[in-house]
Structures are given as C-alpha cells and as structure tokens.
Amino acid sequence: MSTVIITCQTIQREVNLAISETGVDYPILLVDSGLHNFPDQLGKAIQDQIDKVDNTDTILMAFGFCGNGLLGIKARKARLIIPRADDCITLMLGSYEVRKKVQKEVGTYFLTKGWLEYERNIISEYEGCVLRYGQARALRVMKIMLNHYRRLMVIDTKAYQLDEILNKTESFAAAMGMQHEQYVGSMRFLNKLLAGPWGPEEFIILEPGRELAFADMRIDNYSIESSQFLSGFNS
C-alpha cells in the first residue's frame, strides 16, 4: 500500500517533525499558504492537490476543517484520512481536549513561526498599517481592531527555535497591551495521523469517491457547521 501526505506550508515544519518522530517515509504535497481566510479558495487548492495523486491507496490530510475549507473534498481512487480538528491549532496542541482547555479564556490570538511567515496575521497587519499611516495612527487603528483580544499566545511546537520569533511577538503584545504567553505544543495528533490508529473519535476515514459532508464534520459531539471558532489562528 502507498501513502501520501497533503498539508499546508504553514505547518510544514511540524509535519516534518512528526515524520521524524514516527519514522514514516511518505512523500508530502504542499498547499500554498495564505488561503485560510478564503475557505472556497483553500478547498479548491486542496482538491487540486488531491487530484494530482495517482497510484496511491491512502492520502493523509494534515489539515483541520479550517472554516469549512475541506467541505466537499474527495479522492477518486484513494481513501482520505482527515483529523477531527477545527483548525491547525488543535493539530499543534495535540488534541481537541487540550484546545478547549487552553481556549477557556476568550480573546486569544494564536501564533507559530509558520503562521508569521506564511499567513495573514495581526503583526503583518500592524506592519502594513505603520507603512501606510505611520506608527501613532497604526497603533490607534490596531487597538480598535484588537479590542476584544486579551492575550497573544505563541505555540511552541518544538519544530523551530522559539527565540527566533519571541522578540517580535513580545514587542507587539506590549505595544497592544495584550498579555503574552507561550504554550508547549504536542506532535501527538500529527503523529497519530501519520502512524495510526485512526479511531473514529479523532479521524474521518473517507472512502474513495465520497465527498466530505457537514455530517462528517463533528468533534466531541460538536457540529462544525454551527461552530463559533473563527478560521485562522485566533479565537
């Protein structure tokens, strides 16, 4: 049997770490990052990569549901293994249970190095505002935009050196009056995706030819269709 991994550039480091930890040797197909705020475009990009796969029995989807970006995806001849995860935060924290625990305090914005490099985020927004309006006005604008955020949380996935981004995240949090926190992530969920077993409580096994439907997208008896989670790394 042959297996392929499809994932997003944003968590490529974490997927490579999971490959190292599990010892699997599966090829990776990458989906361009920057599409998490556009679920329709994200879904099309993912489907395009699935359609490129041939002579493969199993495709491991290293994605969360990402604002319903995976809705309707299917593979003609391979089965798809899809984590029951609302987004990549859950994958990098190790489980949905940990995600719920960490997110008890509302107004949290999550970041990793991959998100800073590849995705639209509040720090890149701020830097763009500084260029357009100057620092004083940019601060006023961003504080209005971030009015309901209380903390900036950096997930330490161990897939990169944390000190490579801490100066930037700590400085931004201080400027915005946000609490800066670090949380140690876990490769547990990604490792399980790569090595199994794929129990129905944490994974969807989508047989060849069947589309991912709303009815499939449930986590802990919680329907993603009615979820209040925002797409992207913020809540």
Side-chain angles (χ1 to χ4, degrees), residues 1-36 39-96 112 114-115 117-119 157-160 185-219 224:
M1 296 181 67
S2 57
T3 301
V4 169
I5 302 167
I6 298 181
T7 191
C8 174
Q9 278 181 305
T10 307
I11 64 168
Q12 183 181 2
R13 286 187 182 88
E14 286 73 21
V15 171
N16 285 335
L17 178 57
I19 288 173
S20 175
E21 290 186 353
T22 58
V24 302
D25 187 24
Y26 304 145
I28 300 177
L29 294 179
L30 292 176
V31 172
D32 287 342
S33 58
L35 298 176
H36 286 85
D40 291 343
Q41 295 179 37
L42 176 62
K44 183 180 183 304
I46 292 171
Q47 187 62 60
D48 287 345
Q49 288 291 49
I50 292 173
D51 292 342
K52 293 177 182 177
V53 176
D54 197 13
N55 298 320
T56 296
D57 301 294
T58 302
I59 301 175
L60 306 177
M61 303 297 299
F63 286 91
F65 295 143
C66 297
N68 296 333
L70 271 65
L71 184 64
I73 65 167
K74 66 178 180 180
R76 293 188 300 272
K77 298 180 180 180
R79 62 176 178 170
L80 298 178
I81 310 299
I82 304 168
R84 292 189 185 277
D86 40 310
D87 56 26
C88 295
I89 302 169
T90 298
L91 291 179
M92 290 188 285
L93 291 177
S95 74
Y96 181 64
T112 67
W115 198 256
E117 289 179 337
Y118 295 116
E119 299 289 346
T157 66
K158 305 302 181 183
Y160 56 88
S186 169
M187 290 296 101
R188 175 197 165 275
F189 212 160
L190 284 173
N191 287 354
K192 200 168 182 180
L193 172 66
L194 300 192
W198 303 310
E201 71 284 355
E202 289 193 299
F203 295 94
I204 301 164
I205 300 178
L206 206 62
E207 297 299 331
R210 190 166 78 83
E211 292 186 358
L212 183 68
F214 274 127
D216 299 310
M217 299 166 66
R218 304 189 73 85
I219 301 175
I224 295 301

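Using a cutoff of 4.0 Å between basic side-chain nitrogens and carboxylate oxygens, Asp216 and Arg84 are not scored as salt-bridged. Between Arg218 and Glu201, no side-chain nitrogen of the basic residue sits less than 4.0 Å from a carboxylate oxygen of the acidic one, so the salt-bridge criterion is not met. Under 4.0 Å is where a charged nitrogen must lie from a carboxylate oxygen, and between Asp48 and Lys44 at least one such pair does.
Proximity of Phe203 to Lys192: side-chain heavy atoms (C-beta onward) are separated by under 4.5 Å at one or more points. No side-chain heavy atom of Leu30 sits under 4.5 Å from any side-chain heavy atom of Asp32. Annotation: side chain of Ile59 is not in contact with side chain of Arg79 (no heavy-atom distance under 4.5 Å). When side chains are defined from C-beta on, Asp86 counts as touching Tyr96, because their heavy atoms get closer than 4.5 Å. A 4.5 Å side-chain heavy-atom check between Met61 and Ile81 finds every atom pair outside the cut-off. Side chains of Leu194 and Leu190 form no contact here, defined as non-hydrogen atoms less than 4.5 Å apart. Taking 4.5 Å as the limit, every side-chain heavy atom of Thr58 sits out of range of all side-chain heavy atoms of Tyr26. Inter-residue side-chain proximity for Ile82 and Ile73 is flagged as met; some heavy-atom pair is nearer than 4.5 Å.
Considering every non-hydrogen atom in both Ile50 and Lys74, the closest pair reads CG2-O, 3.4 Å. Closest heavy-atom contact between Ile219 and Ala85: CD1-C, 3.6 Å. Between Val31 and Ala45, the shortest heavy-atom contact is CG1-CB, 3.8 Å. Nearest heavy-atom pair, Glu21 versus Asn191, reported as atom, atom and distance to 0.1 Å: OE1-ND2, 2.9 Å. Residues Met217 and Asn68 approach most closely at CE-OD1, 3.2 Å, considering heavy atoms.
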Before you tell me yes or no, could you show the steps for Ile11 and Met92 under side chain to side chain contact (heavy atoms under 4.5 Å, CB included), namely the whole-Å CA-CA distance, both residues' side-chain angles and the distance that decides it to 0.1 Å?
CA-CA 9 Å; Ile11 64 168; Met92 290 188 285; 3.8 Å; yes

Using side chain to side chain contact (heavy atoms under 4.5 Å, CB included), reason through Ile5 and Leu29 one step at a time and then give a plain yes or no.
CA-CA 6 Å; Ile5 302 167; Leu29 294 179; over 6 Å; no

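Distance alone, capped at 3.5 Å, places no donor-acceptor pair between the Glu117 side chain and the Thr10 backbone. Between the side chain of Trp198 and the backbone N or O of Leu193, at least one donor-acceptor pair lies under 3.5 Å. Listed for the Thr90 side chain is no donor-acceptor partner under 3.5 Å among the backbone atoms of Cys88. Checked by atom type and distance alone, the side chain of Thr7 pairs as donor or acceptor with a backbone atom of Ala62 at under 3.5 Å. Side-chain N or O atoms of Ser186 include one that pairs as donor or acceptor with a backbone N or O of Arg188 at under 3.5 Å. A donor-acceptor contact shorter than 3.5 Å links the side chain of Asp57 to the backbone of Ser2.
Here the two rings, on Phe65 and Phe214, have centers that are 6.0 Å apart or farther.
To the nearest 0.5 Å, atom SG of residue Cys66 and atom CD1 of residue Ile89 are 9.5 Å apart. Summarising the geometry, atom OH belonging to Tyr160 is positioned 5.0 Å from atom OG1 belonging to Thr112; distances are rounded to the nearest 0.5 Å. Here Leu42 contributes atom CG and Leu70 contributes atom CG; the two are 6.5 Å apart, rounded to the nearest 0.5 Å. For the atom pair Glu14 CD and Cys8 SG, the distance stands at 10.5 Å (nearest 0.5 Å). For the atom pair CG of Leu17 and OG1 of Thr22, the computed distance is 9.5 Å after rounding to the nearest 0.5 Å. Within the model, atoms CD1 of Ile204 and CZ of Arg210 stand 8.0 Å from one another, a figure rounded to the nearest 0.5 Å.
Checked against side-chain contact (heavy atoms from CB on, under 4.5 Å), Asp51 has the following partners two or more places apart in sequence or in another chain: Gln47, Arg76.
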